[in-house]
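Structure first, then comments.
Both backbone and side-chain heavy atoms feed into the values below; hydrogens, waters and symmetry mates do not. Convention: sequence-line order gives letters A, B, ...; per-chain numbering from 1.
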Number of protein chains: 2
Amino acid sequence: MSAEVRLQDVADAAGVSIATASRALAGKDRVSRKTQTLVKRTAERLGYQVNAAARALREGSNRTIGMIIPVVGNPFYAQVVHAVEAELQEQDLELIIADSHGEIEREARRLDLLLGGRVEGVIVVPSDAQGSSEALIKTAARIPLVQLDRRVEGLASDFIGVDNDRGIDLVIAHLREQGVRSIVYIGANDNTSVGRERRLAFARASAGLDVHEPIFGNFSREYGLEAGAALVARGELPDAIVCGDDLIAVGVLGALRAAGKRVPRDTLLTGFDDTLLAEITDPPLTSVVQPIAALAREAIRALVLRTEDRDAPTFYSRIAPQLVVRESTSRP
Amino acid sequence: MSAEVRLQDVADAAGVSIATASRALAGKDRVSRKTQTLVKRTAERLGYQVNAAARALREGSNRTIGMIIPVVGNPFYAQVVHAVEAELQEQDLELIIADSHGEIEREARRLDLLLGGRVEGVIVVPSDAQGSSEALIKTAARIPLVQLDRRVEGLASDFIGVDNDRGIDLVIAHLREQGVRSIVYIGANDNTSVGRERRLAFARASAGLDVHEPIFGNFSREYGLEAGAALVARGELPDAIVCGDDLIAVGVLGALRAAGKRVPRDTLLTGFDDTLLAEITDPPLTSVVQPIAALAREAIRALVLRTEDRDAPTFYSRIAPQLVVRESTSRP
DNA sequence: CATGTTTGCGTAATCGTTTACACAGAGAAT
DNA sequence: ATTCTCTGTGTAAACGATTACGCAAACATG
């Protein structure tokens with residue numbers, strides 16, 4: 001039980017007014033040294049904890065930010081959440097997370113819920129480049145919003161993401177060095193900005209190579225398995241397979257193995273994101289390292305800036321990734 | 001931007017008092033059909049959103065629960081978060097998550113922050129069986145708390161976890177069927193209840209087999225690599241290696257591969273948790289499937305019950321896992 | 001000594017909701 | 001016609017913290 005102790009109780013116990021007690025604890029207003037320590041000690045003794053709701057109501061802010069992601073289960077997003085959370089702890093901010101399960105209306109519903117002063121700002125990884133647009137625009141009109149990793153069309157909010165062009169460039173330059181002549185891309189469709197960007201980047205960067213017909217689905221292992229099987233069914237494999245992310249690559253690898261094909265002997269294979277998965281497959285995957293910590297830091301910085309000045313110029317930031325080379329692309 | 005619209009504004013626009021407006025929206029008190037729809041429509045038109053802080057202050061609750069876990073980056077916990085979040089959505093509850101990074105004082109600090117009425121209850125996966133005890137006891141005295149997956153010593157709070165005994169039993173029974181004679185356990189130390197339980201379960205269930213000296217560290221791939229190398233260095237491998245979780249198993253597998261040993265040819269290998277990892281290694285790992293959805297559901301149910309009645313008898317629940325057999329234990 | 005200035009603290013208003021209480025009007029019962 | 005019960009609505013008091021404003025005492029300045 002421990003009857004909730006209010007500020008009034010602390011004030012009473014310390015023999016001061018509630019105003020003084022508040023000031024003493026805040027410590028940034030004029031209070032005598034003596035009363036300050038007295039109040040602080042009393043608060044400590046009574047186990048006083050400020051009531052977050054009351055403070056939020058009065059202050060108009062609650063030191064909490066929201067985050068909406070397609071699915072925490074995806075190792076990449078799990079790591080993003082981890083990084084964002086770590087960064088927020090530095091600033092004594094809380095994190096409310098909501099999983100949209102990649103569904104547009106669920107996403108919209110969650111955003112609505114977060115609106116009522118529940119959070120000061122929101123970081124969102126939109127689930128669909130078009131479909132998420134409406135809800136995001138509505139939200140952004142009310143509270144600071146930054147898009148992370150992916151973005152929707154028609155919303156000029158702050159955005160932080162990896163430089164997908166550069167990432168794909170790194171992959172293809174590396175493959176060319178390995179002597180690759182023919183190549184194929186297995187990625188995600190244009191439903192997400194990331195899918196679209198990587199697709200276009202691949203099309204551009206692969207000029208001059210023998211490019212096989214690409215295959216597009218979504219960022220999942222299941223799809224990778226399917227796509228891998230489809231690729232094998234075509235007959236001859238290209239020299240290298242570039243995948244839209246690690247999950248797809250893992251799926252493709254599984255399909256190749258099931259068909260008796262070996263990597264890197266029969267074809268080279270690359271992923272994107274450099275999640276834990278890339279390290280544990282056999283062979284380990286060459287992948288593009290997302291600068292997750294930097295992404296998280298920048299996203300929060302953008303959010304804080306936006307909170308301070310709603311009319312500051314929009315922040316559009318692309319962070320350069322790096323390539324990590326592993327056995328899946330070591331020349332046979 | 002879009003001047004916050006208050007309930008008063010809706011009331012004014014609808015030409016009723018603020019009390020009536022509130023009742024109309026709540027819909028559970030006596031209001032005429034006509035005013036009710038009028039108010040609702042007006043609220044809709046003005047884009048009214050109740051202010052969460054004000055409501056929380058008044059109601060004394062905020063429909064938010066907190067969750068503290070050792071590390072979201074761990075695929076198993078990422079899935080747990082996903083399941084808990086999905087379950088909470090059903091009940092229109094929000095989820096605040098905090099990552100303790102496995103550090104005791106960080107965990108304590110986060111719990112303190114959550115205390116001030118910020119959440120109605122908290123689900124925690126304690127980072128240390130002894131070290132986390134104090135902070136958890138303090139928290140449990142103030143708000144409903146349920147321990148998930150792991151528990152600390154000296155706190156009789158509600159608890160939901162997998163039946164580790166049964167899980168290990170399933171693994172060993174299966175290995176015996178495969179004709180295993182000699183066996184070793186590579187798991188985590190007693191710092192967590194899970195580590196301890198699995199260790200003891202193994203010791204009990206392996207009776208009658210040729211049990212090699214076990215190796216204990218923590219639940220991580222890095223440790224698995226290390227332990228695997230140490231095992232190889234001993235010279236001869238046992239017929240089977242039972243690991244404390246998938247991460248360790250993945251590490252051990254890597255170490256075996258580096259040493260030129262093959263699974264299941266040279267030894268059988270098992271994991272625990274059945275995360276995505278178990279499916280994508282080569283060979284895929286036999287593992288114990290955690291009933292994650294059930295765990296999440298039960299945890300929330302316990303929390304809700306506890307919220308309704310602080311003095312209800314303590315809930316201690318063990319959910320039975322299942323075994324999923326994959327190639328890592330298919331008899332050579 | 002008279003007049004500022006600073007310091008420390010208390011009173012009361014405020015944030016936006018919900019809801020106990022009161023009250024007016026409409027029927028119903030006498 | 002008088003009293004009684006419902007219904008629907010409004011007035012005002014919470015919830016707990018922060019802070020503008022004001023006042024008294026202490027101190028400084030002329």
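OP1 or OP2 of C:dC9 sits under 4.0 Å from a side-chain N or O of A:Thr35. For A:Ser32, a side-chain nitrogen or oxygen approaches OP1 or OP2 of C:dC9 to under 4.0 Å.
One side chain, A:Glu107 or A:Ser132, offers a donor N or O that lies under 3.5 Å from an acceptor on the other. Counted by atom type alone, A:Tyr77 and A:Asp149 present one or more donor-acceptor pairs between their side chains at under 3.5 Å.
Atom-to-atom, CG of A:Asp9 to C1' of D:dA17 comes out at 13 Å; the value is rounded to the nearest Å. Atom CG in A:Asp12 sits about 11 Å away from atom P in C:dG10, given to the nearest Å. Rounded to an integer number of Å, the gap from CZ of B:Arg30 to P of C:dA26 is 17 Å. Rounded to an integer number of Å, the gap from B:Gln36 CD to D:dT7 P is 16 Å.
A donor-acceptor pair under 3.5 Å is absent between the side-chain atoms of B:Asp158 and the main chain of B:Leu303, judged by distance alone.
Ion pairing between B:Asp112 and B:Arg109 fails under the 4.0 Å rule for side-chain N and carboxylate O. Salt-bridge annotation for A:Glu85 and B:Arg110: present, with a side-chain N of the basic residue lying under 4.0 Å from a carboxylate O of the acidic one.
Distance from the side chain of A:Ser17 is smallest to C:dT11 among D:dT9, D:dG10, C:dT11.
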Throw together a table of side-chain donor-acceptor distances under 3.5 angstrom for residues 290-300 of chain B, partners on residues two or more places apart or in other chains.
unit_1, atom_1, unit_2, atom_2, d
B:Gln290, NE2, B:Asp273, OD1, 3.0
B:Glu298, OE1, B:Arg301, NH2, 3.4
B:Glu298, OE2, B:Arg301, NE, 3.4

Protein-to-nucleotide contact annotation, 5' to 3' order, nucleotides 12-20 of chain C [B base; S sugar-phosphate only; - none; under 4.0 Å, heavy atom]: -BBBBBBBB

